[in-house]
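For reference, the structure is listed below as C-alpha cells.
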Amino acid sequence: MEKIKMNPIVEMDGDEMTRILWKEIKDRLLTPFVELNTEYYDLGLPHRDETGDQVTIDAGNAIKRLHVGVKCATITPNAQRVEEYHLHEMWKSPNGTIRAILDGTVFRAPILTGMIPAYVSGWKKPITIARHAYGDLYKATEYRVPCPGTATLSFRGTDGTEFSKTIYEFECPGVLQGLYNKDSSIESFARSCFSYALTTKQDLWFSAKDTISKQYDQTFKLIFQRIFDEDYKAEFEKAGITYFYTLIDDAVARVMRSEGGFIWACKNYDGDVMSDMISAAFGSLAMMTSVLVSPDGNFEYEAAHGTITRHYYRFLKGEQTSSNPVATIFAWTGALRKRGELDGNAPLVTFADKLDAACIATIRSGTMTGDLACLCGKTGVTSVAFLDAVRATLEKSL
Ligand code: NAP
Ligand code: MG
C-alpha cells in the first residue's frame, strides 16, 4: 500500500509516560501508513528549559500559521519539578501559553466504546464541555471585611466616566469579592463555540444565570445571541443544528435527561465543575480528548490527561506499563482528520476514521489497558500489546 501524503501539521512532543507512548504510537500506527509531515517542536521539559520556554511560543505561533497542531501531555512545573529537572525557572503551563497565543476555548469530550457503561444510564453519546477559560472567579479580587462598614463597587473610566454603587452596609465582619470579564474574551469564546459546533455538527447549548445576574451573565447571553444572529444562524440552519441559551439550573436538569451528543458551553467556574462531573460520569480520565479551538479557526488536539507520572517511574524501573494510549491516539487522528478536511484530503480523513474505529473495535473485542479492564472485569494488557492489537485491527480495515 502506498503511504498517504499530507500537508504539514504542528507536532508538539511532551514528557514522561506520554512521551514514551507518543513514539510508540507514531512507530506502530502512523508512519507505516502515512507519510507523516510535521513541524516538530520538543515541548519536553528539558528542552523548554534550554530554550527559556521559547519553544512553546514558537509552537503556538506555528499553529497559527499551519492551523492544525497535535500535542503530547507536558509537565507543568511546580517547586518539586524545578528540583527534579534542575530548572532555571518555574516555567508556565505550556497549555496556558499556547491558549494565550491562540485565544482559544478548550472542548473536552469522552471517547465512548460501549464497554464501560456511563453512570447516567440515559447517556448514549458523548457530551462535550466548552469552558470559557478566562476571568470570573479565577481572576477575582477578594478580601475579608474585618469590621462593620460600607463596601462599594467603583469604576473610573479613561474618558472621565465614574460609577460607584454600594454593595453592602456591613453590620459585622464578612467577605467581599470582585469579578470581571471583558466583551472581547466573551466574543472569542462565543465564536469558538459556534465554529466548533459547525465542525462537529452538534447542537450547542449555552447556560448562565442571567435572571439573577442581570448585567454580568446577561452580557454573556446577549453577546452569544448577537454573534449567532449576525454570523452563524444561516450556517447552523444549513447544517441542521441548533443553538439555544438556557439557565444553568435548567441546563443541568436537561443534561441529566438527555442522551448526549451536544456541546455544552459553560462560564469558567461552571465549566471547571461540569467537565469533571462529565468525565467521571463517563468512566475514565484516560478516555477524554481535548481540543483547543481559536475563534479564527486554528485547532490544537491533545489528550485531557497528564503525563501519567506514576506509570513513568515504574517504566524507568524496567516495568512494562499498562498506560492507556487511546486519548493520545485520538489527538493524532483529530489533527490528521482536521488537516484532511481543510485540504480536501479524503484518504487522510478515512485513515483517521479507521484508526479511531480500530481502537474502539480492539477494546470491544476485550483487549484493553488496565484502567479500562478493571472497570469491566477483564485483565489488562500492556500499552505495547494494546497498540499491536490496534495495528492488527487497523491493517484488516485498510
Ligand atoms: P495524570 O497524568 O492525568 O495521571 C493521574 C492518574 O490518572 C495516573 O496516575 C493514572 O492512575 C490515571 N491515568 C491518567 N491517564 C491515564 C492513562 N492514559 N492510562 C492509564 N491511567 C491514566 O495526572 P497527574 O499525575 O496529576 O499529573 C502528571 C503530570 O501531568 C503533572 O506534571 C502535570 O503538570 C501534567 N499534566 C499535564 C496536562 C497536559 O499537558 N494537558 C494535563 C494534566 C496534567 P493510576 O496511577 O492509578 O494508574
Ligand atoms: Mg477542575
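Counting convention: from 1, in listed order, for ligands and their atoms alike. Atom set for the values below is all heavy atoms of this structure, side chains included, hydrogens, waters and symmetry mates excluded.
For the pair Arg81 and ligand 1, a heavy-atom separation below 4.0 Å is found. Heavy-atom distances between Met17 and ligand 1 stay at or above 4.0 Å for every pair.
Residue pairs satisfying the side-chain hydrogen bond (donor to acceptor under 3.5 Å, both in side chains) criterion with at least one member in residues 380-395, sequence neighbours excluded, are listed as follows: Arg28-Asp388, Thr362-Thr393, Arg391-Glu395.
In the vicinity of Thr309, heavy-atom distances shorter than 4.0 Å reach the ligand 1 atoms 28 (C), 29 (C). In summary, the atoms of ligand 1 found under 4.0 Å from a heavy atom of Lys71, numbered by their order in the structure, are 40 (O). Listed by number with element, the atoms of ligand 1 under 4.0 angstrom from any heavy atom of Ala73 are 40 (O).
Of the polar atoms of Asp371, none of the N or O atoms is found under 3.5 Å from an N or O of ligand 1, judged by distance alone. Where the criterion is an N or O separation shorter than 3.5 Å, residue side chain and backbone included, Ser323 fails it with respect to ligand 1. For ligand 1, the polar-atom distance check against Glu16 finds no nitrogen or oxygen pair separated by under 3.5 Å.
Counting heavy atoms under 4.0 Å from ligand 1, residue Arg310 touches it through the side chain alone.
Side chains of His132 and Asn268: no donor on one and acceptor on the other come within 3.5 Å.
Applying the ring pair (Phe, Tyr, Trp, His ring centres under 6.0 Å) test to Trp91 and every residue at least two apart in sequence or in another chain returns nothing.
Counting only heavy atoms, the protein never gets under 4.0 Å from atom 26 (O) of ligand 1.
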